[in-house]
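Taking it in order: structure first as structure tokens, then the write-up.
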Amino acid sequence: MMDVYSYVCVLLLCSCVVLGKPTLRKERVHHDPLELIKQANEDNQSFQFDHEAFLGKEDATTFDQLTPEESKDRLGKIVDRIDSDGDGYVTITELKAWIKRVQKRYVYENVAKVWTDYDLNKDNKISWDEYKQATYGYYLSNPEEFEEATDQFSFKKMLPRDERRFQTADLDGDLAADREEFTSFLHPEEFDHMKDIVVLETLEDIDKNGDGHVDEDEYIADMFSHEEGGPEPDWVRTERDQFSDFRDLNKDGKMDVAEIRHWILPQDYDHAMAEARHLVYESDQDKDTMLTKEEILENWNMFVGSQATNYGEDLTKNHDEL
């Protein structure tokens, strides 16, 4: 089935209007059993699959144009920048700081790429009306063409949801977002004042019966979809155990808002630190909890598929841009 953005793109070609992408959540439901087998196979040593999963096939193809020697040369220059004190060793702390920097850069570069699509009057702000027109203009002018859209991708539901998020991001309440406010609108997970919106939208995405909670079946359905009556893979049964043991904290058979927050925004989990520790653990040949440039280059496939190099994209840039 064509997803909503593809459908909108078709409409855009037909109507020649400016149209943006609604703030849809990333797809979390898996349908292809073969894909699930690949994802569940933690022993899979094919970095190409990791590159395509993280980069997308187009960016992975771009990376494939570099020879191993070119990749290692460019990765070596990045390592020099990660080693902030210049002592010849990359520590977990240095790697964590670099990963956070890369994450932040990605967020702001993403906003910069789309800014002119929404700032229609070029006043260096994006008003709610500008965003609404750029994203929903065709729908608002031709609502009859969307009557058969599925509930999940209903523009009628997405528009007020985006408006609510926009109002939360609009800290000064002037109905116009500056770059920082618009960044928090597009990437709410990166901003503390947007965390409630992230939790609420997650609840609304998964809570199919609308009771304000997420039960076990709804939790599983958000990750896995299979034919009725078919057997569940082992990893799904493991996730059911995770739900009862670690998600449903008060053991009432469902997750409330507080439990959803604990799940998706755990206070005791630092994503960048976890990634840094993983990279060091996998590459630290002498087990001194630090990495030399040689150790990193020896395991270069691991790094070009990790967030340390923005999933490999940094390797296709001039190192002076970093």
Side-chain angles (χ1 to χ4, degrees), residues 1-8 21-33 35-37 39-40 132 135-136 139-140 143-169 185-189 191 193-267 269:
M1 180 181 293
M2 182 182 296
D3 63 31
V4 66
Y5 189 42
S6 300
Y7 180 45
V8 168
K21 182 180 180 181
T23 56
L24 289 173
R25 67 177 175 84
K26 293 180 180 178
E27 183 61 59
R28 294 192 297 263
V29 180
H30 308 300
H31 300 278
D32 183 354
E35 180 184 347
L36 290 171
I37 291 171
Q39 293 183 10
K132 182 172 66 173
T135 306
Y136 297 101
Y139 160 72
L140 293 171
E144 68 282 354
E145 295 191 26
F146 293 83
E147 289 178 358
E148 295 184 5
T150 64
D151 289 342
Q152 185 179 6
F153 296 122
S154 169
F155 276 76
K156 192 174 294 185
K157 290 183 177 180
M158 287 191 293
L159 195 156
R161 170 168 157 155
D162 270 2
E163 184 172 17
R164 180 185 63 195
R165 188 196 283 194
F166 193 96
Q167 290 171 349
T168 304
F185 170 68
L186 291 184
H187 299 274
E189 69 284 350
F191 293 82
H193 69 281
M194 300 294 290
K195 296 293 177 66
D196 287 344
I197 283 291
V198 174
V199 174
L200 181 57
E201 290 181 0
T202 301
L203 171 62
E204 292 172 345
D205 287 338
I206 305 176
D207 176 25
K208 299 306 182 185
N209 64 12
D211 67 352
H213 297 82
V214 172
D215 61 34
E216 182 179 312
D217 287 337
E218 290 171 328
Y219 173 77
I220 295 299
D222 187 61
M223 305 176 188
F224 177 68
S225 177
H226 60 80
E227 296 296 330
E228 249 184 74
E232 288 185 342
D234 290 342
W235 74 266
V236 174
R237 290 194 289 273
T238 299
E239 279 297 333
R240 289 193 182 277
D241 292 338
Q242 288 283 316
F243 181 90
S244 58
D245 294 342
F246 301 107
R247 310 286 183 241
D248 178 19
L249 300 177
N250 62 9
K251 309 307 177 186
D252 65 351
K254 55 193 176 184
M255 284 194 289
D256 57 24
V257 170
E259 289 166 325
I260 292 172
R261 176 182 288 272
H262 185 269
W263 167 40
I264 65 172
L265 301 171
Q267 295 299 308
Y269 182 77

Just how far is it from atom CE of Met223 to atom OG of Ser225, taken to the nearest 0.5 Å? 13.5 Å
Let's go through Glu204 and Arg161 carefully: what are the C-alpha distance in whole Å and the side-chain angles of both, what is the deciding distance for side chain to side chain contact (heavy atoms under 4.5 Å, CB included) to 0.1 Å, and is it a yes or a no? CA-CA 10 Å; Glu204 292 172 345; Arg161 170 168 157 155; 4.0 Å; yes
Do Arg240 and Glu216 come close enough that some side-chain heavy atom pair is under 4.5 Å? yes
Go through the steps to decide whether Ile220 and Phe243 satisfy the test side chain to side chain contact (heavy atoms under 4.5 Å, CB included), and finish with yes or no. CA-CA 9 Å; Ile220 295 299; Phe243 181 90; 6.0 Å; no
Separation between CG (Asp256) and CG (Asn250), nearest 0.5 Å, reads 6.0 Å
Just how far is it from atom NZ of Lys195 to atom CG of Leu200, taken to the nearest 0.5 Å? 15.5 Å
Is Lys208 salt-bridged to Asp222, cutoff N-O under 4.0 Å? no
For a 4.5 angstrom cut-off between non-hydrogen side-chain atoms, does Thr168 reach Phe185? no
Would you give the length of the straight line joining atom CZ of Phe224 to atom CH2 of Trp235, rounded to the nearest 0.5 angstrom? 6.5 Å
Does some side-chain heavy atom of Glu189 sit less than 4.5 Å from a side-chain heavy atom of Met194? no
Is Leu203 close to Glu218 at the side-chain level, that is, under 4.5 Å between some pair of heavy atoms? no
Would a 4.5 Å heavy-atom cut-off, applied to side chains only, mark Val257 and Arg261 as touching? no
I'd like to know whether Asp207 forms a salt bridge (Lys or Arg N to Asp or Glu O under 4.0 Å) with Lys254, so could you lay out the CA-CA distance, the side-chain angles of the two residues, the decisive distance to 0.1 Å, and finally the verdict. CA-CA 10 Å; Asp207 176 25; Lys254 55 193 176 184; over 6 Å; no
Please name all residues satisfying salt bridge (Lys or Arg N to Asp or Glu O under 4.0 Å) with Asp252, sequence neighbours left out, ordered by chain then number. none
Rounded to the nearest 0.5 Å, what separates atom NZ in Lys132 from atom CG in Leu159? 6.5 Å
Flag, side chain of His262 to backbone of Ile260, donor-acceptor distance under 3.5 Å: no
Salt-bridge present (Glu201, Arg165; N to O < 4.0 Å): yes
Given the side-chain rings of Tyr219 and Trp263, with only the six-membered ring counted for Trp, is the space between their centroids under 6.0 Å? yes
So, taking the atom named CG in Asp241 and the one named CZ in Arg247, what distance separates them when rounded to the nearest 0.5 Å? 11.5 Å
